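Let me begin by presenting the structure, written as structure tokens, before commenting on it.
Note on naming: letters A, B, ... go to the chains in the order of the sequence lines (proteins, then strands), and numbering restarts at 1 for each one. Source: prediction; values computed, not measured.
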Number of protein chains: 2
Amino acid sequence: MAKIQRVAELAGVSTATVSRALAGKTSVSPATKAKVEAAAKELGYVVSSAASSLASGRTRNVGVVLPYLDSWFFMAVLKGAQRLLADAGYDVTLYHLPPANGLEEDIEGAQRRARLFDEFLRRQRCDAILAVNLELDDAERATLGDLRRPLVGLGGPLPGLHTLSLDDTAVARCATQHLLDLGHRHIAHITGDPDFERDFQMPATRRAGYEASLADAGVESDPLLVRHANFTIEGGYAATKELLTDPRIHPTAIFAASDEMAIGAILAARDLGRDVAGDVSIIGVDGHDLAEFFGLTTIDQFPERQGQQVAQLVLDELAGDGVEAVDEALPYQLVARRSTAPLRQP
Amino acid sequence: MAKIQRVAELAGVSTATVSRALAGKTSVSPATKAKVEAAAKELGYVVSSAASSLASGRTRNVGVVLPYLDSWFFMAVLKGAQRLLADAGYDVTLYHLPPANGLEEDIEGAQRRARLFDEFLRRQRCDAILAVNLELDDAERATLGDLRRPLVGLGGPLPGLHTLSLDDTAVARCATQHLLDLGHRHIAHITGDPDFERDFQMPATRRAGYEASLADAGVESDPLLVRHANFTIEGGYAATKELLTDPRIHPTAIFAASDEMAIGAILAARDLGRDVAGDVSIIGVDGHDLAEFFGLTTIDQFPERQGQQVAQLVLDELAGDGVEAVDEALPYQLVARRSTAPLRQP
DNA sequence: CCACCGCATGCAAGCGTTTACATTAGTGGG
DNA sequence: CCCACTAATGTAAACGCTTGCATGCGGTGG
């Protein structure tokens, strides 16, 4: 039996009034509202989300799509978003969507991806989708468009939808400029592997910022100073060992496109007996929890706050404040620590 | 209009048949099934989860309750569980439930916790709950019991429900024994802070295993050799600096209750100019991604596989294989790497 | 004093499925 | 050739809420 019935009977009102009283929206007299709430509490009543969704078309649930579940950065974002959404009464359902790698042989991955779009996201389980670092092909874009639900992105821009993104060019310039300002001229760069993930723009963008900054300073860029890793500590470590032992180059500073790679760089430098900052300055990007611990200079992008911001955006769109599909810039900030220092004069 | 209607019309059958054909359960002739599937595909039809849930009482959704969203370990578990559940067609909705810290002043945390139990978990949005490292009070236990849904725990035992847990005593003994076998007698232990999280048994249990193992070997345990950290790299680092510089003690080996603390220990030893393995052997627990990178000897507990296993348990219970409420032991394995070595003879 | 208005509430029609039960057609044994 | 039985399908009643519309009521301005 419709459980709301029981509450209605106990409170001596109709189910309609119970519904209205508990939703808190439309006009219900304070006295009635109190009675209903008392009855609900006494019976331990909580609305059935299925029934409520079916009747109202609203689910009180937001889908969060993440490319990685094992990366510090995305978890920080998730944490921020989850908290804000939960406080607003929304559940979060989590979808894992690894970046399409474009590899022929990854049939399983492609199937999972297709299934996510064709099946999971279309069940109308979410009032809105919050997608982090999502790159879409046209069919996928169409699927999401058909949902007719707010769709908000973090790390865009994604054409046609509201996104929050970091200005990767500016961030890279900021990091590079910091090293230039310290007097460094042989600045290496560790970034993502452009072949590794199809369509993942960020590494290329940061590299462009790095090169532009060098160019502005009249420093010639050397392809040998750019290495690819995959955003992991191990990757940064390996790349740095190469950079610091290649006899053709003599970098005095390294700009890593993520803090995890920068931490790997610090460890590699130490293992090679180089003095971090003294012999080689290292700067990262992210604002990793461990940056403080390692004394890592970084461009903090406040990931947890990003999660909150993008969640707030979702809530705004759900509230109908029909924001237009724009791309907003996220804040970032240079945090100077011990891993960077002025170039030691030879 | 009931969209299933359209499919039914296009396929020339009743909605009941469409429902059956798409669910794939009951008897539908292959021909009809094909027609229905074609019609559904043509219309891009996907069942509305709300309607389906309301009618069937099943949601195809599993709630996963985690104590931390920013810890490597829990994310590894989540990753494993999410994948298995997604492959089985289940959505995962994520609930963040920080451990109750028992602090009077943490009203906000207590409210969040209460709200999770009283509101979120009771909306009948989940077919089952998968709880990781959950510690419940009686009222909470009652709430979850009232749900009448499968409730499975990882890291128990939780009285009355089916759990998978690591034998923390055995793990600690295994780690300690490894160090004893290498000839160490002054073995330090870094574990969690018992006051930090009310009711979180694991640190105490591991410590007990450590002490039992020492006792078995006839080695006297020294409270000075036990330090508390909070399962972070920073914590392990700080604790290790203390251990290695306290003039009253001379540990030649450290057993850290987590790999992250063990990594902190390695970094601390290095910073103090000690040779890891040569001067001080270090062993952790978890099987962290970075253990290989740091050459860390560890007791691997295969967190991602734990996630899969506990997810499988959920699926089994949902399939009605009414497993009884038992506590099953999870596998673990000593992985010896470079951070442990035989005691150097003085 | 009346017509009108707005607020609080009730009534009942959905919302889009699933599924128990009824119905029909086909099958093999007696 | 009939019957009992099974497999495939249809019929229609839930499922537990939300919400447009109707109703009743006290107050207000003319």
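A cation-pi arrangement is absent between R113(A) and F117(A), since the terminal nitrogen or guanidinium carbon is not both under 6.0 Å from the aromatic centre and inside a 45° cone about the axis.
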Legend entry - Contact pattern, 5' to 3', of nucleotides 18-28 of chain C - B, S or - by protein heavy atom under 4.0 Å: BBB--------

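If you measure from atom CG of L22(A) to atom P of dC17(D), you get 10 Å, rounded to the nearest angstrom. Summarising the geometry, the separation between CZ on R125(A) and P on dC15(C) is reported as 21 Å, rounded to the nearest angstrom. Distance, R6(A) CZ to dC17(D) C1': 15 Å, rounded to whole Å. Across the protein-nucleic acid pair, K33(B) atom NZ and dA7(D) atom C1' stand 15 Å apart, rounded to whole Å. Between K3(A) atom NZ and dG16(D) atom P the separation is 9 Å, expressed in whole Å.
Both V28(A) and A50(B) lie near DNA chain C, and the one whose nearest nucleotide falls closer to the 5' end is V28(A). Nearest-nucleotide positions on DNA chain D for L54(A) and G12(B) put G12(B) closer to the 5' end.
Among the nucleotides dT9(D), dC17(D), dG10(C), the one closest to any side-chain atom of S48(A) is dC17(D).
Taking both residues in full, the closest heavy atoms of P150(A) and E317(A) are given as CB-OE1, 3.7 Å, listed atom of the first, atom of the second, then distance.
The main-chain N or O of R58(A) is found under 3.5 Å from a side-chain atom of S53(A) such that the two form a donor-acceptor pair.
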Legend entry - Audit row: S14(B), T17(B), side chain to side chain donor-acceptor pair (under 3.5 Å) steps and yes/no: CA-CA 5 Å; S14(B) 72; T17(B) 301; 3.3 Å; yes

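Ion pairing between E37(B) and K41(B) fails under the 4.0 Å rule for side-chain N and carboxylate O. Classification of R83(A) and E304(A) as a salt-bridged pair fails, no side-chain N sitting under 4.0 Å from a carboxylate O.
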